[in-house]
Amino acid sequence: RICVITLAEAHPLLQSGKTIKNINYQISANCSRLQNKVSGKSKRTCLFIFQIQGAQFLTELAPLCRISSSDGEEYTIYSCIRGRLIEVNENILSNPALLQEKPSTEGYIAVVLPKFEESKSITQGLLTRKEYEEVLLKRRISTS
């Protein structure tokens, strides 16, 4: 039920050999994902968490962070999931290379907890590995 947000394998930062210059969780003058304060009782048996309080609520189109590369490009990374922001990975601020070297483990961007009643529909909407590869293939064909 927990969603770990990472860069997709096909993201330009992972494909083009770019160097990451900066990661910024400051979304606007009044909104920083680093100010997210989660509290409440939790029970970690079987990854079940309850009574989360104070976490920022995200929509699918809510920006999580902005990543700047050394060539001047900036990429906004969106939540893509409706739910509560449980954690942002502050380790990538001091070591941005983790995003490229270990994107699906230590280089994750954030952890989001969807509403319980929405988690099943979110899971059903995910692509399988094969479907994802087909999307990438179609994208390559259409751009060449």
Side-chain angles (χ1 to χ4, degrees), residues 1-40 42 44 47-144:
R1 215 186 123 213
I2 293 175
C3 299
V4 179
I5 310 300
T6 65
L7 289 180
E9 290 175 25
H11 194 282
L13 284 167
L14 299 181
Q15 294 298 310
S16 60
K18 295 183 179 197
T19 303
I20 296 173
K21 185 175 91 174
N22 181 39
I23 300 162
N24 191 352
Y25 283 110
Q26 186 76 36
I27 302 309
S28 68
N30 297 325
C31 180
S32 172
R33 301 298 179 210
L34 292 172
Q35 299 304 312
N36 190 59
K37 301 295 178 204
V38 179
S39 65
S42 66
R44 298 190 184 270
L47 293 177
F48 181 74
I49 299 177
F50 61 97
Q51 293 184 356
I52 302 295
Q53 298 171 345
Q56 295 174 11
F57 184 78
L58 305 171
T59 65
E60 298 93 327
L61 300 176
L64 288 171
C65 67
R66 292 189 176 83
I67 303 172
S68 301
S69 63
S70 55
D71 66 357
E73 289 286 328
E74 183 175 272
Y75 302 91
T76 301
I77 307 302
Y78 296 93
S79 171
C80 302
I81 301 287
R82 281 174 35 97
R84 298 272 177 200
L85 179 63
I86 301 302
E87 174 184 332
V88 294
N89 185 1
E90 294 185 39
N91 294 330
I92 60 175
L93 295 173
S94 59
N95 189 1
L98 286 173
L99 278 172
Q100 293 166 311
E101 294 168 3
K102 299 179 179 183
S104 58
T105 57
E106 295 173 48
Y108 73 96
I109 296 167
V111 177
V112 176
L113 181 67
K115 288 183 176 181
F116 181 77
E117 54 275 3
E118 294 179 10
S119 59
K120 188 173 184 177
S121 65
I122 290 169
T123 303
Q124 291 172 339
L126 296 174
L127 298 177
T128 65
R129 179 76 177 171
K130 184 178 179 182
E131 290 168 335
Y132 174 68
E133 289 171 355
E134 288 171 1
V135 167
L136 293 179
L137 180 61
K138 288 177 186 173
R139 189 181 298 167
R140 279 189 220 114
I141 291 170
S142 69
T143 58
S144 52

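- With Tyr25 contributing its side chain and Asn89 its backbone, the two residues share a donor-acceptor pair below 3.5 Å.
- Contact of the Phe57 side chain with the Arg82 side chain is registered, since non-hydrogen atoms from C-beta on lie closer than 4.5 Å.
- Using a distance-only test at 3.5 Å, with no hydrogens or angles considered, no donor-acceptor pair links the side chain of Glu9 to the main chain of Leu14.
- Remark: side-chain polar atoms of Glu131 are paired, donor with acceptor, to backbone N or O of Thr128 under 3.5 angstrom.
- Other residues, nucleotides and ligands contribute more than 12 heavy atoms inside 6.0 Å of the CG atom of Asp71.
- Of all heavy-atom pairs between Lys18 and Ser69, the closest is CD-OG, 3.9 Å.
- Of all the heavy atoms in Val88 and Arg33, the pair that sits closest is CG1-CB, 3.9 Å.
- Atoms CD and CD1, from Gln100 and Ile20 in turn, are 4.0 Å apart once rounded to the nearest 0.5 Å.
- Interatomic distance, CD1 of Ile81 versus CD1 of Ile122, reported as 4.5 Å (0.5 Å rounding).
- Once rounded to the nearest 0.5 Å, the distance linking OG1 of Thr19 with CG of Leu13 reads 10.0 Å.
- Rounded to the nearest 0.5 Å, atoms CG (Asn36) and SG (Cys31) are 9.0 Å apart.
- The shortest distance between side-chain heavy atoms of Cys65 and Ile109 falls below 4.5 Å.
- The pair Glu134-Lys138 fails the salt-bridge criterion, with no side-chain N (NZ, NE, NH1 or NH2) lying under 4.0 Å from an Asp/Glu carboxylate O.
- Atom-to-atom distance recorded for Leu58:CG and Glu60:CD is 10.0 Å, nearest 0.5 angstrom.
- Counting all heavy atoms, side chain and backbone alike, Ser121 lies closest to Glu118 at OG-O, 2.9 Å.
- Scanning all heavy atoms of the two residues, the minimum distance from Ile77 to His11 falls at CD1-NE2, 3.8 Å.
- Not one N or O on the side chain of Asn22 forms a donor-acceptor pair closer than 3.5 Å with the backbone of Ser68.
- Contact between Ala10 and Tyr132 at its shortest, heavy atoms only, is N-OH, 3.3 Å.
- Pairing each heavy atom of Ile5 with each of Ser79, the nearest pair is CD1-O, 3.4 Å.
- Here CG of Leu7 is found 11.0 Å from CD of Gln15. Values are rounded to the nearest 0.5 Å.
- Of the possible polar contacts, one joining the Arg66 side chain to the Ile27 backbone as a donor-acceptor pair under 3.5 Å is found.
- Proximity of a side-chain donor or acceptor of Gln56 to a complementary backbone N or O of Ser32 within less than 3.5 Å is detected.
- Just one residue in the list Asn24, Leu99, Ile92 forms a side chain to side chain contact (heavy atoms under 4.5 Å, CB included) with Ile67, and that residue is Leu99.
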